*Asks:* 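Before I ask anything, let me first share the structure, which is written out below as structure tokens.
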Amino acid sequence: MAEEDIIRAKKDRLNWFKEKGIEPYPAKSPKGEDISKIIEKFQKQGEFETSVTGRIVALRRMGKASFGVVFSNFKKIQFYIKRDDSPENYDIFKHLDIGDFVFIKGKVFRTKTGEITVHTYKLKLLAKSIRVLPEKWHGLRDEETILRKRYLDILTNENSRKTFILRSKMITEIRKFLNERGFFEVETPILQNIPGGAEAEPFVTHHNALDMDLYLRIAPELYLKRLIVGGFEKVYEIGKNFRNEGISTKHNPEFTMLELYMAWADFEDVMDLCEELIKSVAEKLNVSTIDVKKPFKRVSILQTLKEKTGFDFSDGVDLEKLKQTAELLGVQLDDEKTPSKIFENVYEQSILSKIDEPVFLVDFPEEFSPLAKTYPNKKVAQRFELYIKKMEIANAYSELNEPEKQSAHFQTQVRKNPQKKVDKDFIEALEYGMPPTGGLGIGLDRLLMVLLDLDSIKDVIIFPHLKPR
RNA sequence: GAGCCCGUAGCUCAGUCGGUAGAGCACCGGCCUUUUAAGCCGGGUGCCGCUGGUUCGAUUCCAGCCGGGCUCACCA
């Protein structure tokens, strides 16, 4: 039977209810007892009367008596219904389909094969389904359908469901961790006039009434630092960033970031906090992918390169020296690249390539870190990036709070890319004075990937971006 | 954006060295009052991703396109 015919058959049964004067999509719903509670209670006290609401996920009809399975709150319980108990109820039952939502009232008992079952004596339709759910045994396997029809994925695949439950728990635990330490949660603009705080291509949108283009934020950084200027000494934001670039197993055009800023702290204080935060979350989620006993490694990029090649970039980056470094280390450089890209390739291929465990890379050249403070008399940023399984998870600095220097860095960026604009308002905020501040950004999608040992960002984003069909 | 792989029924999957397809679940009809991947008897769903080409004949071979996966690039 073709899908169309199946849908027609289901609609026929839907109409049967209508013709009987039974509303197939009632607004009011009776409240059922939680399935896990029913099972618990039965194991303690034996038979009792109960009611359940849920979706029918299996039917075993046997003429004058039948079994089915209802599913609610991701728990299942079997029900039993017999014609002789109530021919009216049995008539309703005969017009139900897998996928329908029902209310069942009955007595909990144990069948002779040992299954805890609700012996139904009242049955009510709560919502009709007119489509075919994925197959009961294999569930939904097709990667594309899983992503496009996530509702069917979480309905049928327990692993997938668990991922998103853990995602929610992860974010809850992060909030708890930060709130307990006196951090203040804020929401800053997603629609921005000047997209700043990161090196990325923004999405452009348009405000009709003002007749002006706006940008979806690529980072909340510059706004959060304004709040430090304003006197909030520990602030954080959890929210989406939008970057108009390629999609991959590690990149979704919109992704969730945690950014936090704390006054009276530098990047090393933030490093301790970051490690503590991630270990605490790993413990709370009860995952074994992060060794919470072992301190995270700390590796200086510039020192390592100096040891390996003799080249020292702590007084600035020379493009020729950088290229020679790459060559010496056997780093593959495909085509024309920006110095910062070459540098990234160098440390990724020569330092990170062997390290799977969490590692803080420190000591980045100042010129690749326009928002970070440097060490005195050096061109080395006080910055770290946390890598786990070769994936960048976090990025942090001692925040640059010297307005002139920040302004100069912005102007350099504009010189390199005339599309960019200097955020003068941010500079002005710094001119009022910002205390010494440490800042941190953690990519939460990627953090979850690492915690759950998943290889694709699409597995941790409940509705990842896909091209329209 | 580039390379490689994939796309068969609503779902999970076979298959066709070129003669337009098949199994289980689901679905339809019948039997069945404690089943549980219920069972038994009968039914067989399909622009074989789309568009062209080669061919007497294409779901199969070839090309282009669409969608997905992986790798790379951009980036986080």
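Keep in mind it's a predicted model, so treat the numbers as computed, not measured. The sequence lines fix the lettering, A, B, ..., with proteins before strands; numbering per chain opens at 1. Just so you know, these numbers use all the heavy atoms, side chains as well, and skip hydrogens, waters and symmetry mates.
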*Asks:* State whether a side-chain donor-acceptor pair under 3.5 Å links A:Gln413 with A:Glu199.
*Replies:*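 A pair is found: one side chain offers a donor N or O, the other an acceptor, under 3.5 Å apart.
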*Asks:* Touch check for A:Glu199, heavy atoms < 4.0 angstrom, all strands: base, sugar-phosphate only, or nothing?
*Replies:*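 The answer is sugar-phosphate, as A:Glu199 gets under 4.0 Å only of primed atoms, P, OP1 or OP2.
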*Asks:* Round to a whole Å and report the spacing from CZ of A:Arg141 to P of B:A9.
*Replies:*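 So the CZ-P distance, A:Arg141 to B:A9, works out to 17 Å.
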*Asks:* Considering only atom C1', compute the distance from B:U54 to B:G1 and round it to an integer number of Å.
*Replies:*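 To the nearest whole Å, 32 Å.
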*Asks:* Looking for any heavy atom pair under 4.0 Å, which part of the strands does A:Ile393 touch: base, sugar-phosphate only, or nothing?
*Replies:*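 If one applies the 4.0 Å heavy-atom cut-off, A:Ile393 turns out to touch nothing in the nucleic acid.
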*Asks:* If only side-chain N and O atoms of A:Lys149 are considered, is one of them under 4.0 Å from the OP1 or OP2 phosphate oxygen of B:C11?
*Replies:*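 Checking A:Lys149 against B:C11: no side-chain N or O falls below 4.0 Å of OP1 or OP2.
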*Asks:* Rounded to whole Å, please give me the gap between NE2 in A:His138 and P in B:G10.
*Replies:*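 Value for this atom pair: 18 Å.
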*Asks:* Say we look at B:C28 and B:G68: how far apart would their C1' atoms be, to the nearest angstrom?
*Replies:*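 Nearest-Å result for B:C28 against B:G68 at atom C1': 34 Å.
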*Asks:* Which value, in whole Å, describes the distance between the C1' atoms of nucleotides B:G49 and B:G7?
*Replies:*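 These two C1' atoms come out 6 Å apart once rounded.
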*Asks:* Base, sugar-phosphate or nothing for A:Ile7? Non-hydrogen atoms, less than 4.0 Å.
*Replies:*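 It contacts nothing in the nucleic acid.
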*Asks:* Pick base, sugar-phosphate or nothing for A:Arg8, based on heavy-atom distances below 4.0 Å to the nucleic acid.
*Replies:*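 No contact.
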*Asks:* Provide the Watson-Crick or G-U wobble partner of B:G67, both distances under 3.5 Å; none if there is no partner.
*Replies:*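 Check on B:G67: paired to B:C6, both distances under 3.5 Å.
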*Asks:* Taking N and O atoms by type only, does the side chain of A:Glu115 place a donor or acceptor under 3.5 Å from a partner on the base of B:U35?
*Replies:*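 Side chain to base: no pair below 3.5 Å.
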*Asks:* Taking A:Arg175 first and then A:Glu185, would you say they form a salt bridge - that is, a charged N and a carboxylate O separated by under 4.0 Å?
*Replies:*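 Salt bridge flag = yes for A:Glu185 with A:Arg175.
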*Asks:* With sugar-phosphate meaning primed atoms plus P, OP1 and OP2, does A:Lys458 contact a base, only sugar-phosphate, or nothing at under 4.0 Å between heavy atoms?
*Replies:*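 Sugar-phosphate only.
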*Asks:* Could you tell me whether A:Asp142 contacts a base, only the sugar-phosphate backbone, or nothing, with contacts defined as non-hydrogen atoms closer than 4.0 Å?
*Replies:*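 Answer is sugar-phosphate: A:Asp142 comes under 4.0 Å of backbone atoms only.
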*Asks:* If you take all heavy atoms of A:Gln192 and A:Ala219, which pair is closest and at what distance?
*Replies:*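 For A:Gln192 and A:Ala219, the tightest heavy-atom pair comes out as NE2-O, 3.6 Å.
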*Asks:* Under the criteria of a ring-centre distance below 5.5 Å and an interplanar angle below 30°, is A:Phe255 stacked with the base of B:A76?
*Replies:*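 One would call A:Phe255 stacked on the B:A76 base.
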*Asks:* Give a yes or no on whether the ring-centroid distance for A:Phe267 and A:Tyr397 is below 6.0 angstrom.
*Replies:*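 So the answer is no for these two rings.
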*Asks:* Can you measure A:Leu133 atom CG to B:A9 atom P for me and round it to whole angstrom units?
*Replies:*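 Between P of B:A9 and CG of A:Leu133: 18 Å.
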*Asks:* Which residue, A:Thr249 or A:Gln78, contacts RNA chain B at a nucleotide closer to its 5' end, judged by nearest heavy atom?
*Replies:*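 The residue whose closest nucleotide sits nearer the 5' end is A:Gln78.
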*Asks:* In Watson-Crick or G-U wobble terms, both distances under 3.5 Å, what is the partner of B:G46?
*Replies:*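 The answer is none; no pair meets the criterion.
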*Asks:* Would you please classify the geometry between the A:Tyr80 ring and the A:Phe67 ring as parallel, tilted or perpendicular, with 30° and 60° separating the classes?
*Replies:*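 Tilted.
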*Asks:* Flag yes if more than 12 heavy atoms outside A:Lys420 fall under 6.0 Å of its NZ atom; otherwise flag no.
*Replies:*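 Above 12, so yes.
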*Asks:* For A:Phe343 together with A:Phe368, are the ring centres under 6.0 Å from each other?
*Replies:*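 Distance test on ring centres: under 6.0 Å, yes.
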*Asks:* Between C1' on B:U35 and OH on A:Tyr80, what's the gap in Å once rounded to a whole number?
*Replies:*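 After rounding, the gap between these two atoms is 9 Å.
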*Asks:* If you only use heavy atoms from C-beta on, which nucleotide in B:A37, B:U35, B:U12 is closest to the side chain of A:Phe67?
*Replies:*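 Nearest nucleotide to the side chain: B:U35.
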*Asks:* To the side chain of A:Ser248, which of B:G68, B:G10, B:A73 is closest?
*Replies:*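 Looking only at side-chain atoms, A:Ser248 lies closest to B:A73.
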*Asks:* Of the options A:Glu237, A:Glu254, A:Glu259, which is the one that meets A:Arg217 in a salt bridge (charged side-chain N to carboxylate O under 4.0 Å, His left out)?
*Replies:*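 Output: one option passes, namely A:Glu237.
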*Asks:* For the C1' atoms, the ones on B:A63 and on B:G22, what distance do you get once it is rounded to whole angstrom?
*Replies:*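 These two C1' atoms come out 30 Å apart once rounded.
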*Asks:* Within the structure shown, what part of the strands sits under 4.0 Å from A:Asn244 by heavy-atom distance: base, sugar-phosphate, or nothing?
*Replies:*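 If one applies the 4.0 Å heavy-atom cut-off, A:Asn244 turns out to touch nothing in the nucleic acid.
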*Asks:* Please give, in whole Å, the distance from B:U34 P to A:Asp85 CG?
*Replies:*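 Computing the A:Asp85:CG to B:U34:P distance gives 12 Å.
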*Asks:* Please lay out, stage by stage, how A:Glu275 and A:Arg298 fare under the test salt bridge (Lys or Arg N to Asp or Glu O under 4.0 Å).
*Replies:* CA-CA 11 Å; A:Glu275 182 166 346; A:Arg298 299 184 182 194; 3.6 Å; yes
*Asks:* Regarding A:Gly443, tell me which of base, sugar-phosphate or nothing describes its non-hydrogen contacts under 4.0 Å with the strands shown.
*Replies:*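 Result for A:Gly443 = nothing.
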*Asks:* Give me the distance, rounded to whole Å, that separates B:C27 from B:U16 when you measure between the C1' atoms they each carry.
*Replies:*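 So the two C1' atoms sit 27 Å from each other.
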*Asks:* Considering every strand shown, what is the Watson-Crick or G-U wobble mate of B:C11 when both distances are under 3.5 Å?
*Replies:*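 Partner of B:C11: B:G24.
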*Asks:* What integer number of Å spans the C1' atoms of B:A14 and B:C41?
*Replies:*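 Straight-line distance between the two C1' atoms is 25 Å.
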*Asks:* Yes or no on ring pair (Phe, Tyr, Trp, His ring centres under 6.0 Å) for A:Phe384 and A:Phe364, after CA distance, side-chain angles and deciding distance?
*Replies:* CA-CA 8 Å; A:Phe384 73 79; A:Phe364 289 77; 9.1 Å; no
*Asks:* Given atom CG of A:Asn395 and atom C1' of B:A76, what is their separation to the nearest angstrom?
*Replies:*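 Atom CG in A:Asn395 sits about 9 Å away from atom C1' in B:A76.
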*Asks:* Please list each protein N or O that sits under 3.5 Å from an N or O in nucleotides 64-67 of chain B, with the distance.
*Replies:*
unit_1: B:G67; atom_1: OP2; unit_2: A:Lys467; atom_2: NZ; d: 3.4
unit_1: B:G67; atom_1: O3'; unit_2: A:Arg148; atom_2: NH2; d: 2.9
unit_1: B:G67; atom_1: O2'; unit_2: A:Glu144; atom_2: OE1; d: 3.1
unit_1: B:G67; atom_1: O2'; unit_2: A:Glu144; atom_2: OE2; d: 2.2
unit_1: B:G67; atom_1: O2'; unit_2: A:Arg148; atom_2: NH2; d: 3.2

*Asks:* With respect to the side chain of A:Arg60, which nucleotide from B:U35, B:G10, B:G69 is positioned closest?
*Replies:*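 Comparing B:U35, B:G10, B:G69 against the side chain of A:Arg60, the answer is B:U35.
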*Asks:* For B:C72, give the paired nucleotide (Watson-Crick: N1-N3 plus N6-O4 or O6-N4; G-U: N1-O2 and O6-N3; both under 3.5 Å), or none.
*Replies:*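 In the structure as shown, B:C72 has B:G1 as its Watson-Crick or wobble partner.
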*Asks:* Nearest to the side chain of A:Ile98, which nucleotide is it out of B:G69, B:A26, B:U35?
*Replies:*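 Selected nucleotide: B:A26.
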*Asks:* Hey, which of these two, A:Phe109 or A:Ser456, hits RNA chain B nearer its 5' end, going by closest nucleotide?
*Replies:*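 The residue whose closest nucleotide sits nearer the 5' end is A:Phe109.
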*Asks:* Counting the atoms with a prime plus P, OP1 and OP2 as sugar-phosphate, which does A:Arg446 contact under 4.0 Å by heavy atoms, base, sugar-phosphate, or nothing?
*Replies:*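 The answer is base, as A:Arg446 lies within the cut-off (heavy atoms under 4.0 Å) of a base atom.
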*Asks:* Crowded around A:Gln303 CD? As in, over 12 foreign heavy atoms under 6.0 Å?
*Replies:*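 Not buried by this count: 12 neighbours or fewer within 6.0 Å.
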*Asks:* For A:Phe242 and B:A76, give me the distance from atom CZ to atom P, rounded to whole Å.
*Replies:*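 Going from A:Phe242 (CZ) to B:A76 (P), I get 16 Å.
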*Asks:* Give me the distance, rounded to whole Å, that separates B:G67 from B:C50 when you measure between the C1' atoms they each carry.
*Replies:*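 Comparing C1' positions in B:G67 and B:C50 gives a spacing of 11 Å.
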*Asks:* Which part of the nucleic acid does A:Gly441 contact within heavy-atom distance under 4.0 Å: base, sugar-phosphate only, or nothing?
*Replies:*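 If one applies the 4.0 Å heavy-atom cut-off, A:Gly441 turns out to touch nothing in the nucleic acid.
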*Asks:* Just name whichever nucleotide pairs with B:G19, Watson-Crick or G-U, keeping both distances under 3.5 Å, else none.
*Replies:*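 Paired with B:C56.
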*Asks:* Distance between the C1' atoms of B:G24 and B:U71, in whole angstroms?
*Replies:*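 Looking at atom C1' only, B:G24 and B:U71 are 35 Å apart.
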*Asks:* Would a distance-only check, ignoring hydrogens and angles, find a side-chain to backbone donor-acceptor pair under 3.5 Å from A:Arg167 to A:Val460?
*Replies:*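 Such a contact is found between A:Arg167 side chain and A:Val460 backbone.
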*Asks:* The side chain of A:Glu143 lies closest to which of these nucleotides: B:C32, B:G68, B:G10?
*Replies:*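 Comparing B:C32, B:G68, B:G10 against the side chain of A:Glu143, the answer is B:G68.
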*Asks:* Closer than 4.0 Å, any side-chain N/O of A:Lys341 to the OP1 or OP2 of B:C74?
*Replies:*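 So the side-chain polar atoms of A:Lys341 do come within 4.0 Å of the phosphate oxygens OP1 or OP2 of B:C74, strictly under.
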*Asks:* What's the closest nucleotide to the A:Ala9 side chain, out of B:C28, B:C74, B:U34?
*Replies:*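 The closest nucleotide is B:C28.
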*Asks:* Of the candidate nucleotides B:U34, B:U12, B:G68, which contains the atom at the shortest distance from the side chain of A:Lys112?
*Replies:*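 Of the candidates, B:U34 comes closest.
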*Asks:* Rounding to an integer number of Å, can you tell me how far A:Arg131 CZ sits from B:U45 P?
*Replies:*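 So the two atoms are 21 Å apart, to the nearest Å.
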